[in-house]
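Here is the structure we will look at, set down as structure tokens.
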Amino acid sequence: MSTFDKLAPFIQDYIYRNGWEELREIQVAACDVIFNTDSNLLIATPTASGKTEAAFLPVITKLYNEPCESVGVLYIAPLKALINDQFARIEELLREAYIPVTKWHGDVSATAKNKLLKKPSGILQTTPESLEAMLMRRKEQAVKLFSDLRFIIIDEVHNFIGEERGTQLISLLERLQKLTGMIPVRIGLSATLGDIEGAEDWLNGGTERKCITPDTGVKRRRAVVMVEHFYEFAFQEKDKKNEISFYDNLYELTRGKKSIVFSNARSEVEKNIVNLKDVAKKRGEPDVFMVHHGSISASDREFVEEQMRLSDLPLVTGATVTLELGIDLGDLERIIQVGCPKSVASLSQRLGRSGRRSGVSEMCFLFEEEKRSESTEFYKAINWSFIKCIALIELYRENYIEPVLPERYPFGILYHQTMSFLYSRGEASPEVLAQSLLSEYAFRFVTQEDYKELLRYLLKIGHIERTENGGFILGTEGEKIANHYDFYSVFESDVEYSVREGSHEIGTLTRLMQPDTTFVLGGKSWMVTEIDKENKNIYVKSAEGKPPTVWDGTGEVIEHTRVLKKMKEIITTDCMYPYLGDGAKKRLAEIRQVAAGAGLETKEIFEISPDTYGISLWLGTRALNSLDYILNKLLPDRKFAEPYWPFLIVKNVTKNELMDALDYIRKNDVTESDYIVPKDAKTFGKYNDFVPENLLIKQYVDRYTDVVEMKEEISL
DNA sequence: GACCTGCTGCGGGATG
């Protein structure tokens, strides 16, 4: 019997109706796993390879053949928008099978939720936060809802793995298993995984099932990339006055092509779009420009998504990471990235957004910078983010994607899950708490001792209390926190002011603007007419000109050593890359000259001034931190280490002292106990204020240092 | 600390 024949009849009809000639390879492979094994399944194939259908076709068939007594499939996604998007697709597939699909998230009415509670069946689509709320507020109903749950499908798994939100999710799934006694088969979907084993391990967490990741050999689309570099207009050489500006270039690149212009900051997105509109106006050409980021209202973002999907016009949308996930945007012809993407994974995800129809993805990377004065230190004359970008492209071509860093000590989430557990259960003895939570995959590295310390601290600050029986319940302070609806999420949110033109919400700002000030939001200029402090509303009317945007700053990421090594290769060899434009070639040549002058190819230590040295060992963030903290101990007189990535700048030492210190590290068995960690080194987290200091340091050291890698790398 | 992501249950008032 062929795979097609095994599918439920209404699915076969659906396939005919949609004119599919055959099932995709990954869909056949997924059916094999679901029909013939009881393993978990990881579907890790490129964008537009039919992953969603690969998961749902066999799962729905099973649901049809062996109906469940409750909800049979739990689908979890990181975004409400993704749930809404998938809802329409799945609903069509199930129309004739009498299998209901229910959305369950914050925008869904109580009526719809109650309807499902009366007769739990079919497929439930939700978010980690809604699942948290269900387990906390309506545990009995949740048990009824999922008493016969067979499958859990997690979309965009890479978005969860290695993140606090993913730790929360995997903990919730395990709590649900314990409540219902069912261990559903888990299916993970992602187009961007560099570390299949790590992802399998995460997906399996607490199921005691194996995971199968079918290797279908599906190749990702051919990609055409281009990198170009500009100096700011004002800094261009005088005889080149006719040279067109950065934005004219950006305009030409997107002209007549449906595209996304990605940036790493909201303010930059706004700036790009305002300037593109300006160029269009000057040329008397149509305004096809839109904006999509986290401060644009949900309704306006939906409008942008819909326009991108349905319109025949060559629309151009400026976006941050908000358009990186799998919301359907139709066929895009070109992707532009202004500045360097954060990782190969992000680059790959953005690239995958284009070329669905043509089969060729197109992406242009654009850089603009001020010309530096000649006298600056050599390492400040190197545009590191430009070099990193070439490194990421090269690594992408080598099929490399960063591995996930499993978090061994997620104490903030352990606090959160402890509070949630106590809230839903009422009272629990210390033994039950420890047995229930520490046995979970999410907290498998946490020791009894550390948990005891956390609980003692929570008693002290009144978040939990002891009862006469010796059990724990929530304390007064703890109840305040767990009772607030902000508790369901494990990430922090700023106070936001709603920007409104009449009754229409344009978006939000994190600070209150005074009347008569102007700013840009959604690619348009606004003037504040009225503020309503109490209800957090800012009323605006249309304004002219290009006033400033309202966010600033750029952030940090954990860099991997492999990226740093590639960067070294790029600036110390003379290999030319065919995808560099003229400006980019020129800039790379300049940088290489600077690097050669400083002897970066061979020198580990370079002199900046007689008592200041730079160390260039090309280490990733975690290994570099390890080196830094060990030097703190070995060179106690060292006054100041400027972490001028990718170097370590060391002051108040002699070259010999520094060389001896590196020599010592190479020859001796240094460990984490040789660190002196600076006082301000701490991981950020919404609940870390409720975790004792030394546990936070333990968490920090685990996440942000890697002494083993450091030793290996500097001993090569 | 850049960029994202999420949200209960109630009570009061309007509407059919």
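Numbers restart at 1 for each chain; the letters A, B, ... are given by sequence-line order, proteins then strands. Quick caveat, the model's predicted, so the values are computed rather than measured.
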Of all the choices, [options], which nucleotide is nearest to the side chain of [X] once you look at every atom?
| X | options | result |
| --- | --- | --- |
| A/Thr127 | B/dC4, B/dG9, B/dG6 | B/dG6 |
| A/Phe491 | B/dT5, B/dT8, B/dC3 | B/dT5 |
| A/Ala265 | B/dG9, B/dT5, B/dC3 | B/dC3 |
| A/Lys113 | B/dT8, B/dG6, B/dG1 | B/dT8 |
| A/Arg165 | B/dC3, B/dG1, B/dG6 | B/dG6 |
| A/Tyr488 | B/dT8, B/dC4, B/dG1 | B/dT8 |
| A/Lys80 | B/dG6, B/dG1, B/dC4 | B/dG6 |
| A/His293 | B/dC4, B/dT8, B/dG6 | B/dC4 |

Test: [X] and [Y] ion pair at under 4.0 Å:
| X | Y | answer |
| --- | --- | --- |
| A/Lys342 | A/Glu402 | no |
| A/Lys480 | A/Glu477 | yes |
| A/Arg165 | A/Glu129 | yes |

What is the distance, rounded to the nearest whole Å, between atom [atom1] of [X] and atom [atom2] of [N]?
| X | N | atom1 | atom2 | result |
| --- | --- | --- | --- | --- |
| A/Tyr700 | B/dG1 | OH | C1' | 14 Å |
| A/Asn84 | B/dT5 | CG | P | 14 Å |
| A/Gln125 | B/dG6 | CD | C1' | 16 Å |
| A/Glu324 | B/dC3 | CD | C1' | 10 Å |
| A/Leu169 | B/dC4 | CG | P | 22 Å |
| A/Ile481 | B/dC7 | CD1 | C1' | 16 Å |
| A/Leu325 | B/dT5 | CG | P | 9 Å |
| A/Glu129 | B/dC7 | CD | P | 6 Å |

Of A/Leu79 and A/Arg137, the one whose closest nucleotide on DNA chain B sits nearer the 5' end is A/Leu79
Of A/His292 and A/Arg138, the one whose closest nucleotide on DNA chain B sits nearer the 5' end is A/His292
Base, sugar-phosphate or nothing for A/His484? Non-hydrogen atoms, less than 4.0 Å. nothing
What does A/Ser130 touch in the nucleic acid at a heavy-atom separation under 4.0 angstrom: a base, only the sugar-phosphate, or nothing? sugar-phosphate
Determine, answering yes or no, if A/Phe487 is stacked on B/dC7 under the 5.5 Å centre rule and the 30° plane rule. no
Tell me whether A/Gln177 contacts the main-chain N or O of A/Gly206 through its side chain, where contact means a donor paired with an acceptor under 3.5 Å. yes
So does A/Lys536 have more than 12 non-hydrogen atoms from other groups sitting under 6.0 Å from NZ? no
If you compare every side-chain N and O of A/Thr320 against the phosphate oxygens of B/dC4 (OP1, OP2), does one of them come in below 4.0 Å? yes
When you compare the side chains of A/Asp201 and A/Tyr441, does any donor N or O come within less than 3.5 Å of an acceptor on the partner? yes
Distance between C1' atoms of B/dG1 and B/dT5 (Å, rounded): 16 Å
